[in-house]
Amino acid sequence: MTIPFIPSQGVPVTVPSLASSLSESVTAVVDRLGMADLAPQIRRSEHADFQADGALAAARRLRRNPREVAAELVAGLPDDGLVARAGVAGPGFVNIDLTDRALLAQLAGRMGDDRLGVGTPEAGVTTVIDYSQPNIAKEMHVGHLRSTIIGDALVRILEHLGGTVVRRNHIGDWGTQFGMLIQYQVEHPDPSLSGDGGTMGRLATLYRRARAEFDADPAFAERARRRVVALQAGDPGTVAAWRDIVAESTRYFTDVYERLGVRLTDADVVGESAYNAALPEVADELERRAVAVTSDGALCVFFDDLRGPDGEPTPLIVRKRDGGFGYAATDLAALRQRVVELHADRLLYVVDARQALHFRMVFDTARRAGWLPSAVSAVHVAFGTVLGPDGRPFKTRAGDTVRLVDLLTEAVDHAREVVAARNPGLTGAALDERARQVGIGAVKYADLATNRARDYTYEPRRMLALAGNTGVYLQYAHARVRSILARADGADVTVDPTAALEPAERALILDLDAFADTLAEVVAASEPHRLCGYLYRLAQTFTAFYEHCPVLRATGSSRGNRLALCRLTGDTLRTGLHLLGISAPNHL
RNA sequence: GCGCCCGUAGCUCAGCGGAUAGAGCAGGGGACUUCUAAUCCCAAGGCCGCAGGUUCGAAUCCUGCCGGGCGCGCCA
């Protein structure tokens, strides 16, 4: 397992979080008291604003009473206006409450920064991220959704943190299936097959029919194989046919990406075929460096600890016995190019978990070949398989696969009904746009909100849901905030740091303040679901504030402070949703 | 056989070394002359798969089982 890349330390965050400021204070106390290995963890607490854990662990090492150690820590905290009160609880927990003034100052600081206090820890770091990866002449299905959406969210977050991101859509645009497709097309120039060029229908039909004939007729299969050879040899007519098929498919993918609101474009498509020229060199180099050896006529890389069911070593096959190259060679060529030419500091592969062994072998091989220096991390961002209603994995070729476009259409249609029912005045293009924002947002949120490693069953009902912990809940919370701000009509949102805070206000400020730290966690683990969890919590905390603290009817300094809270909440929700690739309309 | 992933409320899932394990959905009861009720509140629902171990402290870390999914030589 490769250790995720940790961005360079010491880059200042625009506005440090209260948690990190407090952590610094506590660490300073610990150092001064000569208890350096105490390393207290600062975390939110239900008993106070924060708790500092670690006194208990340190006491044992110091052979001291944990409550005494904790008390010393409390006594040593500086009186700098940050800490209001601190105390020892239970066997040695340290509970810390911050001052209202510090919280309000933090609110003002974050609000005054157009980045909401989020720093750029990714500045100077180049990430090459590989995601989506649909196959030419095949429908995109729900399995592609996860890769596409998780990848898109990671791209947005990395870029927001100042990183350089190179997107790579490693489409399946090469291989033996093209011989079959082209040969079938040549033999059956069926006019009914010629579509309008913009949809997948024609190619999907072509693929199905070609496949059927390939399986049924050995003579056709042989002609298809010869067609593959012609393609590889660069036969002009065959290459032209191949190009047409790829172009038609790519137009379809781009159409789906636009509907999804994903940032992938034609420029990001660098398919398997792009590495054809580099494959012999990759193989030669592996052989020359004795990383790969010939076994049964195939060029293989072996690994000490990998054996198959028969007890024989399991190889990564770089070059097949017939001289052809498999996808391992393609992946190695791509990896090498990404490190050497694109100067990647981090490689991410958002690919189905079933490819885990493959990536382990590829990364290991690249390390041994010297293409992957230790300073460059390579991570397989694995996600679980989408299962059918029967609990079995979806089979791509078995038919009955749910087309991604159908799911999206259903989501938007369902959203349109709900939106229309709530907003009778909304019609036409405006209704369509709102339905799209809500429907696509729901599908994305449903897919992004859970731990990516887990398999999940394809359930339209769950993905289309518009109540509870869904994308709409966040959009709704955001719309409520905007509504208040619109009614305030540009009123004074100046923060008065001398005001006293309600519990719901304190909770909201503390939640808002965890935004930057959450984004850092998401990047460290490549887990966008943590951002979903954060935003949902924030929306819940805002809703509690909304119920308990009137904004527009508030008087004195609390009105300005609450408007400020609304603005920072709205901006945080909007930014967070956008980082997930979800729209945040001002009205729902 | 070996390896990877997953077992938490009826269902879908958070939490991954800290205090009494949390949400949503479904089902029960309530709240709209009040900044958007796509919301909120109340009640109910749990040997955190099992058993050991480490620790002041384990859903969380380690080991071993059990159950499920996936993978392991010329497909991608």
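Naming convention: chains lettered A, B, ... in sequence-line order (proteins, then strands); numbering from 1 in each chain.
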By the 4.0 Å heavy-atom rule, please label A/Pro313 as base, sugar-phosphate, or nothing. base

Of all the nucleotides listed (B/C4, B/U12, B/U36), which has the minimum atom distance to the side chain of A/Leu588? B/U36

Between B/C75 and A/Lys320, is there an OP1 or OP2 to side-chain N/O distance shorter than 4.0 Å? yes

Any side-chain N or O of A/Ser483 less than 4.0 Å from the OP1 or OP2 oxygen of B/U36? yes

Closest to the A/Glu547 side chain, choosing from B/G73, B/G18, B/C40: B/C40

What are the two closest heavy atoms between A/Ala504 and A/Phe545, and how far apart are they? CB-CA, 3.9 Å

Regarding A/Asp310, tell me which of base, sugar-phosphate or nothing describes its non-hydrogen contacts under 4.0 Å with the strands shown. base

What does A/Leu552 touch in the nucleic acid at a heavy-atom separation under 4.0 angstrom: a base, only the sugar-phosphate, or nothing? base

Hey, do the aromatic rings of A/Tyr275 and A/His170 have their centres closer than 6.0 Å? yes

Can the positive tip of A/Arg480 be found less than 6.0 Å from the middle of the six-membered ring of A/Phe542, inside 45° of the ring normal? no

Lys/Arg-Asp/Glu bridge criterion (N-O < 4.0 Å) met for A/Asp215, A/Arg211: yes

Base, sugar-phosphate, or nothing for A/Gln355, non-hydrogen atoms under 4.0 angstrom? base

hbond_proxy A/Glu272 side chain to B/A76 base (donor-acceptor, 3.5 Å cutoff): no

Select base, sugar-phosphate, or nothing to describe what A/Asn95 touches, counting heavy atoms under 4.0 Å on all strands. base

Report the nucleotide, chosen from B/U36, B/G73, B/A38, that has the shortest atom-to-atom distance to any side-chain atom of A/Ser295. B/G73

Who pairs with B/G71 - Watson-Crick or G-U, where each distance is under 3.5 Å: B/C2

Which pair of non-hydrogen atoms, one from A/Asn169 and one from A/Tyr131, has the smallest distance, and what is that distance? OD1-O, 3.4 Å

Choosing from B/C74, B/A23, B/A19, which nucleotide comes nearest the side chain of A/Ser45? B/A19

Looking at the angle O4'-C1'-N9-C4 for a purine or O4'-C1'-N1-C2 for a pyrimidine, is B/G73 syn or anti, with syn meaning within 90° of 0? syn

Give me the ring orientation class for A/Tyr349 and A/Phe359: parallel if the planes are under 30° apart, tilted from 30 to 60°, perpendicular past 60°. tilted

Do the side-chain N or O atoms of A/Arg43 get closer than 4.0 angstrom to the phosphate oxygens (OP1, OP2) of B/G18? yes

With a cut-off of less than 4.0 Å, is there a side-chain N or O of A/Tyr327 near OP1 or OP2 of B/C74? no

Taking atom types as modelled, find out whether A/His358 and A/Asp331 have a side-chain donor-acceptor pair closer than 3.5 angstrom. yes

Taking the P atom in each of B/G57 and B/G18, what is the distance between them to the nearest angstrom? 15 Å

Remember a base hit wins even if backbone is also touched, and classify A/Arg487 as base, sugar-phosphate or nothing at under 4.0 Å, heavy atoms. sugar-phosphate

With the side chain of A/Ile484 defined as its heavy atoms from C-beta on, choose the nearest nucleotide among B/C40, B/U36, B/A19. B/U36

Hunt down the Watson-Crick or G-U wobble partner of B/A37, both distances under 3.5 Å, from any strand shown, or write none. none

Which is true for A/Asp331 with a 4.0 Å heavy-atom rule: it touches a base, it touches only sugar-phosphate, or it touches nothing? nothing

Scan A/Gln51 against the nucleic acid and name what it touches under 4.0 Å (heavy atoms): base, sugar-phosphate only, or nothing. base

Look at the side chain of A/Ala298 and decide which nucleotide, out of B/G73, B/C35, B/C74, has an atom nearest to it. B/C74

Scan every strand shown for a Watson-Crick or G-U wobble partner of B/A9, both distances under 3.5 Å, and answer none if you come up empty. none

What nucleotide among B/G18, B/G73, B/C70 has an atom nearest to a side-chain atom of A/Arg354? B/C70

Any side-chain N or O of A/Arg454 below 4.0 angstrom from OP1/OP2 of B/A14? yes

Base, sugar-phosphate alone, or nothing: which one does A/Gly90 contact when heavy atoms must sit under 4.0 Å apart? nothing

Under 4.0 Å, counting only non-hydrogen atoms across every strand here, what does A/Gln177 touch: a base, just sugar-phosphate, or nothing? nothing

Using a heavy-atom cut-off of 4.0 Å across all strands, would you classify A/Ala465 as base, sugar-phosphate, or nothing? nothing

Could you tell me whether the side chains of A/Tyr456 and A/Asp447 share a donor-acceptor contact shorter than 3.5 Å? yes

Return no unless some side-chain N or O of A/Tyr473 is found under 4.0 Å from OP1 or OP2 of B/C40. yes

Can a donor-acceptor pair be found, under 3.5 Å and without considering hydrogens, that links the side chain of A/Asn586 to the backbone of A/Arg482? no

Could you check which of B/G1, B/A76, B/G15 has an atom nearest any side-chain atom of A/His529? B/G15

Over all strands shown, is A/Ala353 touching base, sugar-phosphate only, or nothing at heavy-atom distances under 4.0 angstrom? nothing

Mind checking if A/Asn586 touches a base, just sugar-phosphate, or nothing, with heavy atoms under 4.0 Å? base

Nearest to side-chain heavy atoms of A/Ala89, which nucleotide of B/A38, B/U12, B/A19: B/A19

Watson-Crick or G-U wobble mate for B/G27, both contacts under 3.5 Å: none

Should A/Arg480 be listed as having a side-chain N or O under 4.0 Å from OP1 or OP2 of B/A37? yes

Can you tell which of B/C74, B/G18, B/A38 lies closest to the side chain of A/Val418? B/A38

Which sits closer to the 5' end of RNA chain B, A/Tyr476 or A/Ala453, going by the nucleotide each is nearest to? A/Ala453

Could you tell me the Watson-Crick or G-U partner of B/G57, where both distances fall under 3.5 Å? Say none if there is no partner. none

Contact class for A/Thr450 vs. all strands (heavy atom < 4.0 Å): base, sugar-phosphate, or nothing? sugar-phosphate

Here's a test of your reading of the structure: between A/Glu312 and A/Arg434, which maps to the more 5' nucleotide of RNA chain B? A/Arg434

Rounding to an integer number of angstrom, what distance separates B/G17 and B/C6 when you compare their P atoms? 14 Å

Going by purine N1 to pyrimidine N3 plus the second Watson-Crick contact, or the G-U wobble pair, all under 3.5 Å, which nucleotide sits opposite B/A51? B/U63

